2 protein chains.
Amino acid sequence: MKETLNANAQAVLEVVRSSHNHPTALEVYEAVRKVRPRIGVASVYRILHSLAQQGLIRELGRSDEACRYDGHIERHDHAICTACGALLDLPVEVRLSEEALRSAAQAAGIELHSHEVRLYGLCTACRQRLQQAESAEG
Amino acid sequence: MKETLNANAQAVLEVVRSSHNHPTALEVYEAVRKVRPRIGVASVYRILHSLAQQGLIRELGRSDEACRYDGHIERHDHAICTACGALLDLPVEVRLSEEALRSAAQAAGIELHSHEVRLYGLCTACRQRLQQAESAEG
DNA sequence: TAGTAGATTGATAATGATTATCATTATTAG
DNA sequence: CTAATAATGATAATCATTATCAATCTACTA
Ligand SMILES: [Mn+2]
Ligand SMILES: [Mn+2]
Ligand SMILES: [Zn+2]
Ligand SMILES: [Zn+2]
């Protein structure tokens, strides 16, 4: 229910948009402090989540989850549920051309060692759960 | 310099290999406890890192890093330095067919909302740093 | 074989990011 | 203006991970 952005949220959004280096929440906090000195760290976290939920920014790397280990070391891809955080193996390879990979790596200036495709969406359980919640509201 | 795996490391490796759900370090710890009751959590973390370094298992999701925010919400891909953790935007799109995405999502049972390609390797700075360290050893 | 240097281990404390609490402050409705 | 409600931020709590360090194990030597 956050329709309009207040001054704090505006400042946070501006900081994230104007920084080209994927800042952490605490980096955002430090930058926002300069223009909104009274803001607290809790508000920055709250606002970041809210902005991400509204699709105005994007969050990379699951914070609420711990590091996970994979016994399958052959290259493969994953699907991640954006609702519950489930991390699933993709049973099929998502093919992409060797040439596209090479040129992308070169463009980023990275020496390519491996790659991964991540699909984001709703897992079966969450899909059902959300549909039920929806129909219950009516 | 860890050539052979001792009983603890064997047990950890066995747990990760035999679990098909990308366990966290603490989940591995709980499972390993059943066969090696005296093992401590510090050792599990140590062994997991060691196994990952040897390429025997793989770790997913940056633990040592905080969640990062991205002001660019248009779909795009990233390059991640495996040495320093730098997270870079790919300036070019890694094309992959809509059909491949759809079928992979269906195979995983996920309702696809978006996707991301991640390239892993060495960034320019780390490449140079490691090369220098190498030549210094000689 | 006993002794010892060095590596390994695990209990526990420390750290760092994120979240929960909650009293205070701002906003809105009447 | 007042009461109800929502937003805020200081601070405590939580949780995963890492650092410490004394105890234990493991070659290797005398
Ligand atoms: Mn996997
Ligand atoms: Mn980006
Ligand atoms: Zn889910
Ligand atoms: Zn690097």
Side-chain angles (χ1 to χ4, degrees), chain A residues 1-13 15-16 19 21-54 56-70 82-85 87, chain B residues 1-13 15-16 19 21-54 56-70 82-85 87:
Chain A
M1 308 298 169
K2 179 76 90 30
E3 291 301 315
T4 60
L5 301 181
N6 64 19
N8 281 349
Q10 293 275 1
V12 169
L13 180 57
V15 163
V16 176
S19 74
N21 49 331
H22 306 99
T24 67
L26 292 177
E27 286 166 355
V28 172
Y29 171 61
E30 286 307 328
V32 167
R33 247 142 116 56
K34 298 193 177 115
V35 59
R36 305 239 96 212
R38 312 219 20 168
I39 198 171
V41 64
S43 295
V44 171
Y45 277 99
R46 264 193 301 254
I47 291 167
L48 283 171
H49 289 153
S50 165
L51 292 176
Q53 208 159 11
Q54 294 171 76
L56 295 173
I57 64 176
R58 195 170 261 282
E59 53 185 20
L60 305 171
R62 20 196 5 79
S63 57
D64 58 329
E65 290 283 319
C67 181
R68 309 197 86 94
Y69 291 87
D70 198 332
T82 50
C84 71
L87 176 59
Chain B
M1 310 300 167
K2 179 75 93 27
E3 292 300 316
T4 59
L5 302 181
N6 64 18
N8 279 352
Q10 292 276 2
V12 169
L13 180 56
V15 163
V16 176
S19 75
N21 49 330
H22 306 97
T24 67
L26 292 179
E27 286 165 355
V28 172
Y29 171 59
E30 287 305 330
V32 168
R33 246 141 116 56
K34 298 194 178 115
V35 60
R36 304 240 96 213
R38 312 215 22 164
I39 199 170
V41 64
S43 295
V44 171
Y45 276 100
R46 264 193 301 255
I47 291 168
L48 284 170
H49 289 154
S50 164
L51 293 176
Q53 208 159 10
Q54 293 171 76
L56 295 174
I57 64 174
R58 195 170 263 282
E59 52 186 20
L60 303 171
R62 22 194 4 81
S63 57
D64 58 329
E65 291 281 319
C67 180
R68 308 197 87 94
Y69 291 87
D70 197 332
T82 51
C84 71
L87 177 59

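Bear in mind the structure is a predicted one, so any value in this text is a computation, not a measurement. Throughout, a chain's letter reflects where its sequence line sits, starting with A, and its residues are numbered from 1.
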Among [options], which nucleotide sits nearest the side chain of [X]?
X	options	result
B:R46	D:dG9, C:dT12, C:dT9	C:dT9
B:V41	D:dT11, C:dT8, C:dT12	C:dT12
A:N8	C:dA17, D:dT8, C:dT19	D:dT8
A:I39	C:dT18, D:dG9, C:dG10	D:dG9
A:A42	D:dA10, C:dT18, C:dG10	D:dA10
A:N6	C:dT18, D:dA16, D:dA7	D:dA7
B:C67	D:dT18, C:dT18, D:dG9	C:dT18

Close side-chain approach of [X] to [Y], heavy-atom, < 4.5 Å:
X	Y	answer
A:L48	A:V16	yes
A:I47	A:V32	no
A:V12	A:N8	no

Is the shortest side-chain N/O distance from B:S43 to OP1 or OP2 of C:dT9 below 4.0 Å?
-> no

Check whether any side-chain nitrogen or oxygen of B:H49 sits under 4.0 Å from OP1 or OP2 of D:dT17, and answer yes or no.
-> no

May I have the distance from [X] (atom [atom1]) to [N] (atom [atom2]), rounded to whole angstrom?
X	N	atom1	atom2	result
A:R33	D:dA10	CZ	C1'	12 Å
A:R38	D:dA10	CZ	P	7 Å
A:L48	C:dT18	CG	P	9 Å
A:E27	C:dA17	CD	C1'	12 Å
A:Y45	D:dT11	OH	P	17 Å
A:R36	C:dA26	CZ	P	12 Å
B:L5	C:dT8	CG	P	13 Å
B:L26	D:dA16	CG	C1'	7 Å

Under 6.0 Å from the CD atom of A:E30, do we count more than 12 heavy atoms belonging to anything else shown?
-> yes

Could you tell me whether the side chain of B:R58 and the main chain of A:D70 form a donor-acceptor pair under 3.5 Å?
-> no

